[in-house]
Amino acid sequence: MKKNIVLLFLIIMCINIISKEVIRIKWNDFEFVNKVLKETDIAGQKRFHFVDIVADEGQINTLISHGIAFEKVTRPSAKASFLSLDSIYNWMDNLHSAYPLITDIDTIGYTNVYGYPLKILKINGANPLVQEANQNGFLLMGCHHAREWQTASLPMFWADSILNTYASDLQIQDLIDSTFIIVFPVVNPDGYYYSIEFDDNWRKNRTLRNSVYGVDLNRNYPGSCFGEPLADWGFIANSATTHYPSSYVYCGPYPASEIEVRAVQDLIKTYNFKITISLHSYAEAIIWPWGSVLYGAPDSLLLEYVGTNMANRMRKQDGVSVYDAYQSVGLYPTSGDSDDWIYGYAKFILGKTILPFTYEVDVSFNNATPIQLDSLYRRVYPGILYGAFYTDSLSGTAIDVPLEPLLSFSTDTLKWSTENGENASSFDVYTYKNPFTICDSMNNILLFNSDNFEKVFLSGATNDTIYHAIDIASGTGILQSIHKFLPNSTDSIKVKVDYDLEFNYDKAFIEVSENNLEYTIIDTINGILNGSSSGWEELSFSLNEYAGKEIFIRIRTIYDGNTFGSGLYIDDIEPIQVFDTFFVLVDDITDSMLLIEAIYDNNYFAVIPNIFNRQTWLSDREQYALTAINENYISCVIEKGFIKLKFKTTSMENTFVIYKKINNKYEKVACVSDNEWIDKNPINGKNEYQVKFFQSDNYVEEKHIQIFYSDISEILSLNNSFLTMDLLNNKLEKLRTNYRIDIYDKSGRSIEYVKSPGIYFLKEKESDIKYKIMIME
């Protein structure tokens with residue numbers, strides 16, 4: 001029996017070890033490679049020059065068949081240069097023994113395969129056991145990816161260095177005394193051990209599920225937590241993320257499924273960190289959020305400032321050039337990485353700011369000589385040290401986001417305060433009357449915020465109408481309840497589904513959220529749809545865990561853009577919260593209280609802050625140009641990043657129906673009475689809306705609203721910077737905004753300005769001279 005178990009283990013090992021090698025492709029070919037490969041394991045890169053990927057024989061043959069040129073990267077074995085996992089843990093123990101008064105060793109969990117401890121080294125001159133309330137925190141992590149061996153020993157070199165100079169260097173002494181430092185050198189000990197011992201290309205951890213090993217830990221974090229579906233866990237921006245378990249970039253079966261990821265989450269929730277650094281290899285670059293979307297984070301300027309200063313203190317392998325520094329989406333778009341989750345969770349859930357950075361160190365991941373390693377440590381050390389020092393400089397420099405207001409009543413007065421004490425510029429107050437729940441048997445799309453879902457007719461469904469995730473070739477679909485629901489212990493989510501999804505690649509999830517920012521799969525076994533159903537199935541999920549908590553309900557689809565079936569069909573969702581009436585009672589109120597009239601007694605209320613509220617900060621980076629064809633009935637404005645339509649008619653018998661053009665036909669998206677506001681989420685791409693005006697249920701007139709979108713985030717990120725004429729022309733020639741752009745030469749002299757749209761300029765200027773731009777409304 002024992003022999004059979006050993007034989008089975010060896011068979012599984014052989015199945016999971018597929019011959020792979022590192023190949024180098026040209027930078028300009030990378031986008032196409034992402035399209036022809038279902039998953040791409042990116043080893044490293046030199047920006048604008050090449051991308052190295054780890055590929056198996058089948059992937060290499062695919063590239064050959066598509067005429068993609070590549071070269072194999074020679075990597076001589078250098079295992080003797082690197083420390084074993086036990087040696088790194090011994091190093092931690094020895095440092096604690098040498099500096100027992102200012103260090104502590106803690107174990108924050110154990111891996112579920114080999115049982116290795118997840119060990120951290122805590123450093124603080126006042127009390128290394130407990131972080132004091134007035135102390136800022138600094139977190140240094142290494143080895144999320146198993147094969148990136150130098151990222152495990154590099155944090156230990158840094159910790160050893162500052163501890164060795166504690167007694168002799170007053171600046172280091174002040175840093176250690178005032179800052180609570182945690183060093184987590186090996187986030188992925190199982191994977192690190194396995195990679196060194198058996199497979200130097202191995203990237204994931206070693207969790208075993210269905211005879212397949214491993215999850216890419218840096219794809220397993222729960223997303224960016226700011227209400228953007230493209231930044232949620234599991235979204236497939238390109239082939240660098242997949243739901244295919246055998247892939248090296250497998251994101252896991254559900255968010256934070258891995259013990260190693262949950263250990264990092266616990267650190268973020270427990271300690272007051274201001275700066276975090278996660279070490280990876282390789283690209284000789286420093287990157288920061290967002291890594292999932294093109295536009296910048298609220299603190300993009302601050303992140304760029306700190307990241308650039310870090311990079312300027314670090315030398316590349318050539319000993320001369322400094323590290324590159326840029327937003328991490330510029331490396332390649334991903335979802336589920338540690339930096340985006342740390343930043344978004346802290347900003348929008350905790351209401352504080354943590355600046356997370358990833359260091360992509362070195363020019364390979366595990367073939368350095370001892371001399372090269374020593375040089376690497378010393379070249380990267382100053383950048384890490386700058387980050388640790390900057391923790392005490394962060395207060396007051398970041399953009400603070402007010403969290404959801406807390407409401408209370410006192411003598412007919414509604415009062416509120418934001419949960420984290422941050423002020424908003426103003427608030428909108430909504431009122432709701434007579435709540436009740438329904439089964440959405442009529443599939444009323446107006447009860448949902450939807451993206452890439454349509455209402456279709458299908459025989460066999462209730463009333464022959466259902467929801468269908470329309471973008472079956474790629475992307476994500478969202479069907480999310482507009483209103484929160486307050487369940488009791490006996491309530492359940494019920495939904496009928498019929499689906500045909502590519503097995504192990506395309507998935508659908510039944511999710512809930514208390515804040516509409518951080519969603520959780522209701523049942524990580526039955527709440528995930530994969531493969532094909534045998535006709536219509538009714539699913540039911542207990543809400544006992546959420547009894548007494550207000551929740552949103554969401555259905556989300558993920559498609560990878562390759563082989564696909566007919567997709568997901570949905571019918572009869574319940575419970576869906578509805579109200580007899582709901583509307584904005586007061587908008588843009590700057591006070592924190594409101595006298596409630598008697599007619600609103602027994603109503604429900606919601607108060608929404610109007611600055612940096614999960615999406616409205618995007619208004620600084622996304623602009624729209626709207627044209628109302630006939631303003632006798634309707635006007636269009638932009639406020640805080642949202643499209644708002646206001647109706648000018650006064651008769652309460654009037655009704656307006658709003659349609660959105662989808663696949664060359666108009667789909668109803670809203671139905672409102674006079675003088676109501678329609679808030680639409682920021683729209684990507686060119687969209688057309690149709691407005692039909694009714695009076696006493698009789699059709700009167702039809703109006704069209706054309707909405708054109710221009711993404712100027714890339715331009716704004718270049719504001720006040722120098723760039724060449726060719727690059728400037730390339731960035732601005734398709735811009736459609738109401739911005740004026742002023743161009744300055746290096747001496748600060750204004751040489752030209754232009755007003756969009758239609759920007760073609762500097763044709764007579766010299767291409768090799770860099771010009772400064774200033775963008776103003």
Side-chain angles (χ1 to χ4, degrees), residues 13 16-25 40-46 50-56 71-89 91 114 116 140-158 184-206 213-219 240 247-249 260 277-285 314 316-317 323 331 358-381 384:
M13 291 278 286
N16 280 273
I17 299 177
I18 300 174
S19 178
K20 292 177 179 281
E21 53 189 319
V22 180
I23 61 173
R24 178 163 297 172
I25 59 176
T40 307
D41 178 8
I42 300 169
Q45 62 171 279
K46 183 176 181 181
F50 62 78
V51 178
D52 291 350
I53 65 174
V54 178
D56 59 31
E71 59 179 288
K72 296 182 179 180
V73 178
T74 302
R75 294 166 51 240
S77 176
K79 290 185 179 181
S81 303
F82 295 89
L83 296 176
S84 68
L85 181 63
D86 288 340
S87 296
I88 290 176
Y89 283 172
W91 195 350
Y114 301 143
Y116 280 117
L140 178 62
M141 298 181 286
C143 202
H144 269 81
H145 290 146
R147 66 196 181 200
E148 297 167 7
W149 300 345
Q150 62 270 62
T151 70
S153 50
L154 200 162
M156 291 309 305
F157 172 87
W158 183 83
F184 191 1
V186 189
V187 175
N188 182 7
D190 277 4
Y192 182 74
Y193 164 79
Y194 180 80
S195 177
I196 284 184
E197 294 296 326
F198 301 106
D199 182 359
D200 58 6
N201 283 325
W202 186 257
R203 174 185 175 104
K204 302 187 288 183
N205 70 355
R206 293 295 293 170
Y213 281 97
V215 168
D216 183 342
L217 299 182
N218 213 39
R219 301 291 184 273
S247 170
Y248 275 12
V249 290
E260 300 90 341
I277 295 174
S278 180
L279 299 173
H280 288 256
S281 65
Y282 49 97
E284 295 192 313
M314 296 162 56
K316 293 183 178 179
Q317 192 179 65
Y323 267 50
L331 188 66
T358 286
Y359 285 18
E360 291 281 353
V361 302
D362 217 346
V363 294
S364 66
F365 49 68
N366 55 27
N367 66 335
T369 66
I371 294 177
Q372 289 172 331
L373 277 177
D374 185 69
S375 173
L376 173 70
Y377 298 157
R378 298 176 190 281
R379 289 184 281 109
V380 173
Y381 173 88
I384 300 174

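Index from 1, following the sequence.
- Put simply, the side chain of Gln317 reaches to within 4.5 Å of the side chain of Arg379, judged on heavy atoms.
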**Prompt:** Checking side-chain contact (heavy atoms from CB on, under 4.5 Å) for the pair Tyr359/Thr151: CA distance, chi angles, key distance, verdict?
**Reply:** CA-CA 9 Å; Tyr359 285 18; Thr151 70; over 6 Å; no
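- You'll find the side chain of Val380 stays beyond 4.5 Å of the side chain of Trp158, heavy atoms only.
- The neighbour count for Lys46 NZ, taken as heavy atoms of other residues, nucleotides or ligands under 6.0 Å away, does not exceed 12.
- Closest of all the heavy-atom pairs between Arg378 and Phe157 is CG-CZ, 4.0 Å.
- Between Val186 and Tyr193, the closest side-chain pair of non-hydrogen atoms is not below 4.5 Å.
- A 4.5 Å side-chain heavy-atom check between Tyr282 and Glu148 finds every atom pair outside the cut-off.
- From Asp56, atom CG reaches atom OG of Ser247 across 9.5 Å, with rounding to the nearest 0.5 Å.
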**Request:** For Ile384 and Leu154, run side-chain contact (heavy atoms from CB on, under 4.5 Å): C-alpha distance rounded to whole Å, both residues' side-chain angles, the deciding distance at 0.1 Å, then the answer.
**Result:** CA-CA 10 Å; Ile384 300 174; Leu154 200 162; 3.5 Å; yes
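- When the side chain to side chain donor-acceptor pair (under 3.5 Å) test is applied to Gln150, the partners found at least two apart in sequence or on another chain are Asp362.
- In this structure, Arg203 forms no cation-pi arrangement with Tyr248, as its terminal cationic atom is not both closer than 6.0 Å to the ring centre and no more than 45° off the ring axis.
- Between Asn188 and His144, every side-chain heavy-atom pair lies at or beyond the 4.5 Å cut-off.
- A donor atom on one side chain and an acceptor atom on the other are found under 3.5 Å apart for Ser153 and Tyr377.
- Every residue two or more places apart in sequence or in another chain that forms a ring-ring contact (aromatic ring centres under 6.0 Å, His included) with His145 is listed here: His280.
- The shortest heavy-atom contact between Ala368 and Ala78 is O-CB, 3.4 Å.
- Under 4.0 Å is where a charged nitrogen must lie from a carboxylate oxygen, and between Arg24 and Asp52 at least one such pair does.
- Counting heavy atoms from C-beta outward, Leu140 and Leu279 have side chains that approach closer than 4.5 Å.
- Within a 6.0 Å sphere centred on NZ of Lys72, other residues, nucleotides and ligands contribute 12 heavy atoms or fewer.
- Under the 4.5 Å side-chain criterion, counting only non-hydrogen atoms from C-beta, Ser364 is not in contact with Arg75.
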**Request:** Applying side-chain contact (heavy atoms from CB on, under 4.5 Å), run through Met156 and Leu83 and close with a yes or a no.
**Result:** CA-CA 11 Å; Met156 291 309 305; Leu83 296 176; over 6 Å; no
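- Shown here for Arg147 and Asp200, the closest heavy-atom pair between the two residues is CB-O, 3.3 Å.
- Separation of atoms OH (Tyr114) and CG (Leu85) is listed at 11.5 Å; rounding is to 0.5 Å.
- Classification of the Tyr194-Trp202 ring pair by plane angle, with boundaries at 30° and 60°, yields perpendicular.
- Interatomic distance, Thr40 OG1 to Ile53 CD1, rounded to the nearest 0.5 Å: 6.0 Å.
- Pro189 is listed as a side-chain neighbour of Tyr89, based on a closest heavy-atom distance under 4.5 Å.
- Put simply, OH on Tyr192 and CH2 on Trp149 are 8.0 Å apart, with the number rounded to the nearest 0.5 Å.
- Remark: Ser84 OG to Lys79 NZ distance equals 12.5 Å, nearest 0.5 Å.
- Residue Glu21 holds its CD atom at 9.5 Å from OG1 of Thr74, rounded to the nearest 0.5 Å.
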**Request:** Could you walk me through whether Val22 and Asn201 pass the side-chain contact (heavy atoms from CB on, under 4.5 Å) test, one step at a time?
**Result:** CA-CA 9 Å; Val22 180; Asn201 283 325; 4.2 Å; yes
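- Of all non-hydrogen atoms in Cys143 and Ala152, the two that sit nearest each other are CB-CB, 4.1 Å.
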